[in-house]
Structure formats: C-alpha cells, structure tokens
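Have a look at the structure below, then the notes.
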Amino acid sequence: MSKTIKKIGVLTSGGDSPGMNAAIRSVVRTCAYHNIECIGIYRGYQGMIEGDFKEMGPRSVNNIINKGGTILKSARSKEFMTEEGRKKAHSNLSAAGVEALVVIGGDGSFTGGLVFNKEYDFPIIGIPGTIDNDIYGTTHTLGYDTALNTVVEVIDKIRDTASSHNRLFFVEVMGRDAGHIALNAGIGAGAEEILIPEEDLGLDRLLESLRKSKLSGKSSSIVVIAEGDKIGKNVFELKDYVEENMPEYDVRVSVLGHMQRGGAPSCFDRVLASRLGVKAVESILDGKSNYMVGLLNDKIELTPLEQAIKGHSQIDRELLRVSDIMTT
Ligand code: F6P
C-alpha cells in the first residue's frame, strides 16, 4: 500500500440517507488506523467553498453509528457548479493540506466530484449514499435497506386500517427516477399492485387488476406507487380516477415522504457503511481515483465514477413477475 497521501477530506452531499454517519465513522477511523489525518467538510461542496472544515479523530465519531442523517450536514451547492466556486473550494482544500476526497452521496454529488477532479486532478472516491438505490455499480446504496424496512413497517400499519374498513390505499413512496423502493417494499408489504417509473403499467391494467382482486374475494387492497411513476397521473389524480371508475371502492392516499429518509440505520446499512468506508480510504492510499466503492456479489468492488453516474441501476424484472404471482 503506497501511503503518499497524508490528509483526506470527507463530505456528505445531496439527500441524506441512513448509514451516512456510519460511513463517516468508518472513513475517519480507517484514516486513524493508517495514521493519516482526516478532515470533515460540513454541508457538502458548499462547505468546501466556504472552508467549513474540522479535524476528525477516531473519538470524534463516537456514538454515531446508530444515528440517521449526517453529522457533517448535507447540501446541494449551486455555487459548486460554477468555475469560480470550484476554484474557491480548491484553494481552501490546498490551504488545509487536504490531498484527496471521499464523497458520500448520489449521482449528482459524484458528477460534481468528477468535474472537480478533471479541473484540478484531485483524487476522489465516491461512496453511494441515497435511499433510492439508483446508482450503477452497487446492488445496495447506503440507506436503501433502512428505507425499505421503514416503508414495510408503515404499510403494515396502513394495512390494519385498509382491512378494517375494506378500503383501497394508494401509498406513495420515494424514488424520483427509480422504482427499487416501491418494488421491493411493495412485495415485502404484500401490495396488490406496484407502480414504478421503469414500467408503464397503464390505467386500464390497473383497473383490471383491481377488479380481478375484488372478484377473487379481496375486500381491501394496497397499491404502492413510486413518486416518479410513469402512469401520467399523480397519486391524488389516480385516487379520483379509480373512484370514478370503481365507485365500489373507498379509496385513501398516504404519501410517506421524508419519514423514509430518516431513522436509525439497519444493521445491513451499518455493516455496508463500515465496509465501504474502509475500501474508500484504502483505495485512495493505493493511489486510486475517480472510482466509486460498491457492493457487488457480496464483495466491495470499485466502479469508475463515470460509469456509476451514467450507467443505470436496473430493476430486477423477476421481481415484477413475483409480485404478479403473489397477487393471485
Ligand atoms: O434521496 C433521494 C430522494 O429521496 C428522492 O427519492 C426524492 O425525490 C428526493 O430525495 C427528495 O429530496 P429533497 O426533498 O431533499 O429535495
């Protein structure tokens, strides 16, 4: 392991996700383990521009493995999209002696990192942190597993009311461009139908499916919808549409919103964060740059950042079939 780098910066950027703190802890402690300094950068790239830095030793990350959110705070920086902003950020990093960066975030954060790297030849390693699981090069992003568990727990509660009142519930879950949460939590919570951005189910098929379920003797149903689904109507319009066409149904809507992004990370996310943080720091020490660390076949592997950004994480189509069979 070549150890020419003596100081690494770590930041969280974009939407927060459970497990980000566990990843910060891992980066800080891996640096300490290899006797290099670690600098925490507050509020993502905005804090880099403003020089909002803090030295982080292994004891500075005590008692955060179990915490949701991010102690370093997060932001989406417009200024970092400008050359001037990136110049300020670079001069602050140089003044602080930071020689490489670990960026914990989603594809927007990686895109910013890549531009910065191209301009200043600054070593960057990405850790995928978003509940949406929409990043290529990892089967799981940080926070995704926790979000799934949160959604399933909440839908279980909604099911109590659905079945007590013979109601149909439309439950909207997060996923602007990706249906991973909807598809997996939908199956886990026993949803009747799952609407995702990757697949245009069509309104007719939805009605047909609801009619079939009614005929088969079901008196209540749960339909899970990803916020970015392509059916062409938002969840409230869908409710109106179904009520107009199927007056026999008493329909309610639940939009789960940001509760899905908070809370203590699951054990899976804590372990994943710990593994990703170790690999991120050790990759920098190995002289690597412009890679994302991710989980593939239960191993932590490197994927070029460019590929992680451009490649699309595919949904598992077999899950669609499983969902169909489960609603028989
Ligand atoms: O973290 C990703 C995500 O959860 C998306 O699914 C959602 O559309 C978005 O964040 C909302 O984020 P914000 O409210 O921070 O803009």
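Atoms within a ligand are numbered from 1 in the order they appear, just like the ligands themselves. The first residue in the sequence is number 1, and the count goes up from there.
- Around ligand 1, the residues contributing at least one heavy atom under 4.0 Å from the ligand are Arg76, Thr130, Ile131, Asp132, Met174, Gly175, Arg176, Glu227, His258, Arg261.
- One finds a salt bridge joining Arg205 and Glu193 here, because a Lys/Arg side-chain nitrogen approaches an Asp/Glu carboxylate oxygen to under 4.0 Å.
- Ionic pairing of Lys212 and Glu208 is not present here: no N-O contact between side-chain nitrogen and carboxylate oxygen is shorter than 4.0 angstrom.
- Every residue was checked against the side-chain hydrogen bond (donor to acceptor under 3.5 Å, both in side chains) condition with Lys7, not counting sequence neighbours, and none meets it.
- Taking the ring axis of Tyr42 as reference, the NZ or CZ atom of Lys54 does not stay both within 45° of it and closer than 6.0 Å to the ring centre.
- Under the 4.0 Å criterion applied to side-chain N and carboxylate O atoms, Glu318 and Arg321 are assigned as salt-bridge partners.
- In this structure, Ile300 and Leu272 have side chains that are in contact, with non-hydrogen atoms separated by less than 4.5 Å.
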